[in-house]
2 protein chains.
Amino acid sequence: MPTRADEQTWTIAQVAEEFGITHRTVRHYEDLGLISPERHGTKRLYRRRDRTRLQLILRGKRLGFPLDQIRTIIDLYDAPRGKRSQLQYVLDQIDDRRTDLEQRRRDLDDALTELDRFEDRCREDLARIT
Amino acid sequence: MPTRADEQTWTIAQVAEEFGITHRTVRHYEDLGLISPERHGTKRLYRRRDRTRLQLILRGKRLGFPLDQIRTIIDLYDAPRGKRSQLQYVLDQIDDRRTDLEQRRRDLDDALTELDRFEDRCREDLARIT
DNA sequence: GTCCTCCTTGACGTTGACGTAAACGTAAAG
DNA sequence: CTTTACGTTTACGTCAACGTCAAGGAGGAC
């Protein structure tokens with residue numbers, strides 16, 4: 001892994017601030033195994049990799065996934081793919097995940113379509129009143 | 001409203017079964033004011049309108065919205081639009097809502113794009129192994 | 001009648017996702 | 001050296017979204 005020790009690091013307060021969450025939330029994600037920052041003595045050190053994972057976590061949350069499901073998802077990106085069987089497993093997981101995401105996109109598109117039609121009706125009403 | 005009394009109705013067990021949820025969940029939604037079925041004496045009677053709202057609720061849940069937010073959303077579709085100011089309020093709400101949904105769609109598209117790229121990498125690995 | 005089944009209203013329990021407060025370590029600033 | 005600003009663990013609190021009894025009503029089947 002190209003993780004140089006001299007790479008930039010952040011404290012828990014800095015990442016919390018940057019992502020608009022509390023340090024308690026960051027630690028909660030660590031408790032659940034979603035991130036595992038290095039320690040410098042007793043203090044946590046966050047690197048680019050941890051921030052990437054945090055990005056993924058927060059996007060997963062915006063999409064309404066529970067945290068344990070988010071963990072299995074982002075862990076998938078780091079899963080071993082050396083053996084053929086391992087690769088096949090990862091590919092299967094990718095498929096499951098895509099099915100889920102595409103269902104959500106259908107729901108989302110439906111919701112947006114309905115919203116548009118509703119807006120049209122409202123605008124017609126408005127024209128009638130004016 | 002064209003709600004005829006002879007229209008088809010369902011019991012709580014029937015709607016629960018049909019939507020794949022428990023009667024407790026249905027009642028919970030009623031407690032929060034998301035649906036308000038008629039009563040025939042003491043028993044609940046669900047009509048088409050209630051089932052439509054249930055559809056919307058469950059889709060909202062699949063999209064990760066909290067229940068109280070779902071309520072304000074589906075209530076919007078029944079909000080009064082007689083006066084000009086009321087209509088304008090509804091149109092503003094529609095805009096807020098669309099902004100939210102479009103953000104979610106961006107997140108969703110990003111997630112799907114990343115997933116596709118990851119699958120490509122995995123398939124390359126697989127080809128290399130084979 | 002009396003089962004049986006489905007319905008009702010409480011009310012307490014549980015799980016996820018944190019908030020919050022206590023009690024303490026540490027390292028630079030004055 | 002003490003203060004101040006962070007950091008740490010441990011632990012209990014909270015809120016949403018239900019689950020899970022408990023105790024009982026109402027109407028058909030027999």
Side-chain angles (χ1 to χ4, degrees), chain A residues 8-47 50-51 53-75 100 104 107 111, chain B residues 5 7-47 50-51 53-75 100 104 107 111:
Chain A
Q8 188 175 0
T9 62
W10 291 265
T11 70
I12 192 167
Q14 287 169 333
V15 293
E17 153 93 73
E18 187 173 347
F19 287 95
I21 56 185
T22 69
H23 74 287
R24 180 65 183 85
T25 301
V26 179
R27 281 200 40 235
H28 183 57
Y29 296 160
E30 182 177 347
D31 286 345
L32 298 186
L34 281 88
I35 43 181
S36 33
E38 275 176 45
R39 297 295 178 114
H40 183 67
T42 165
K43 311 215 165 160
R44 295 169 172 84
L45 273 190
Y46 297 85
R47 296 180 180 276
D50 300 308
R51 303 189 355 153
R53 290 179 73 97
L54 255 177
Q55 288 276 18
L56 292 176
I57 293 167
L58 296 179
R59 191 179 66 193
K61 287 211 63 193
R62 285 197 302 274
L63 292 176
F65 289 98
L67 290 178
D68 59 343
Q69 199 173 342
I70 293 179
R71 183 184 45 210
T72 72
I73 292 168
I74 62 185
D75 280 353
D100 185 353
R104 268 165 210 254
D107 284 332
Chain B
E7 162 188 356
Q8 188 175 2
T9 62
W10 291 263
T11 71
I12 191 168
Q14 288 169 333
V15 293
E17 153 94 72
E18 187 172 347
F19 286 96
I21 56 186
T22 70
H23 75 286
R24 180 65 183 86
T25 301
V26 179
R27 281 198 40 231
H28 183 57
Y29 295 160
E30 182 177 348
D31 288 344
L32 298 186
L34 281 85
I35 43 181
S36 33
E38 276 176 44
R39 296 295 177 116
H40 183 66
T42 165
K43 311 214 164 159
R44 295 170 172 84
L45 273 189
Y46 296 85
R47 297 180 180 277
D50 299 308
R51 302 189 354 150
R53 289 179 73 96
L54 255 177
Q55 288 276 17
L56 292 176
I57 293 167
L58 295 180
R59 190 179 67 193
K61 287 211 64 193
R62 286 198 301 275
L63 292 176
F65 290 99
L67 290 178
D68 59 343
Q69 200 173 340
I70 293 179
R71 183 185 45 210
T72 72
I73 292 167
I74 64 185
D75 280 353
D100 186 352
R104 269 165 209 255
D107 284 331

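All of these numbers come straight from a predicted model, not from anything done at the bench. Just the heavy atoms: all of them, side chains too, but no hydrogens, waters or symmetry mates, feed the values below. Below, chain A is the first sequence line, B the second, and so on; all start at residue 1.
Nucleic acid contact class of B:R44 (heavy atoms, under 4.0 Å, all strands): sugar-phosphate only.
Between the C1' atom of C:dC7 and the CZ atom of B:R27 lies a distance of 11 Å, rounded to the nearest Å. What separates CD of B:Q69 from C1' of D:dC15 is a distance of 16 Å, to the nearest Å. Spacing between atom NE2 of A:H28 and atom P of D:dG13 amounts to 18 Å, rounded to whole angstrom units. As a whole-Å value, the separation of A:K61 NZ from D:dA16 C1' is 12 Å. In this entry the distance linking CZ of B:R39 with P of D:dA26 reads 14 Å, nearest Å. For the pair A:D31 CG and C:dG19 P, the computed distance is 13 Å after rounding to whole Å. For the pair B:L67 CG and C:dG16 P, the computed distance is 17 Å after rounding to whole Å. Counting to the nearest Å, the P atom of D:dA17 and the CG atom of B:L54 are 15 Å from each other.
When the nearest nucleotides of DNA chain C are assigned to A:H23 and A:K43 by heavy-atom distance, the more 5′-ward of the two goes with A:H23. A residue-by-residue look at B:T25 and A:T42 shows that A:T42 has its nearest nucleotide of DNA chain D further toward the 5' end.
One N or O on the side chain of A:Q14 and one on the backbone of A:T11 form a donor-acceptor pair closer than 3.5 Å.
Atom CG in A:L34 sits 8.5 Å away from atom NE2 in A:H28 (nearest 0.5 Å).
For C:dT20, the base has a donor-acceptor partner in the side chain of A:R24 [N/O atoms by modelled type, under 3.5 angstrom].
For the pair B:D107 and A:K61, the salt-bridge criterion is not met [side-chain N within less than 4.0 Å of a carboxylate O]. Electrostatic pairing of A:D100 and B:R62 does not count as a salt bridge here, judged by no charged N lying under 4.0 Å from a carboxylate O.
Distances shorter than 4.0 Å separate some side-chain N or O of A:Y29 from OP1 or OP2 on C:dC18. The phosphate of D:dG7 (OP1 or OP2) has a side-chain N or O of A:T11 nearer than 4.0 angstrom.
Partners of B:R51 under the salt bridge (Lys or Arg N to Asp or Glu O under 4.0 Å) rule, at least two apart in sequence or in another chain, are B:E18.
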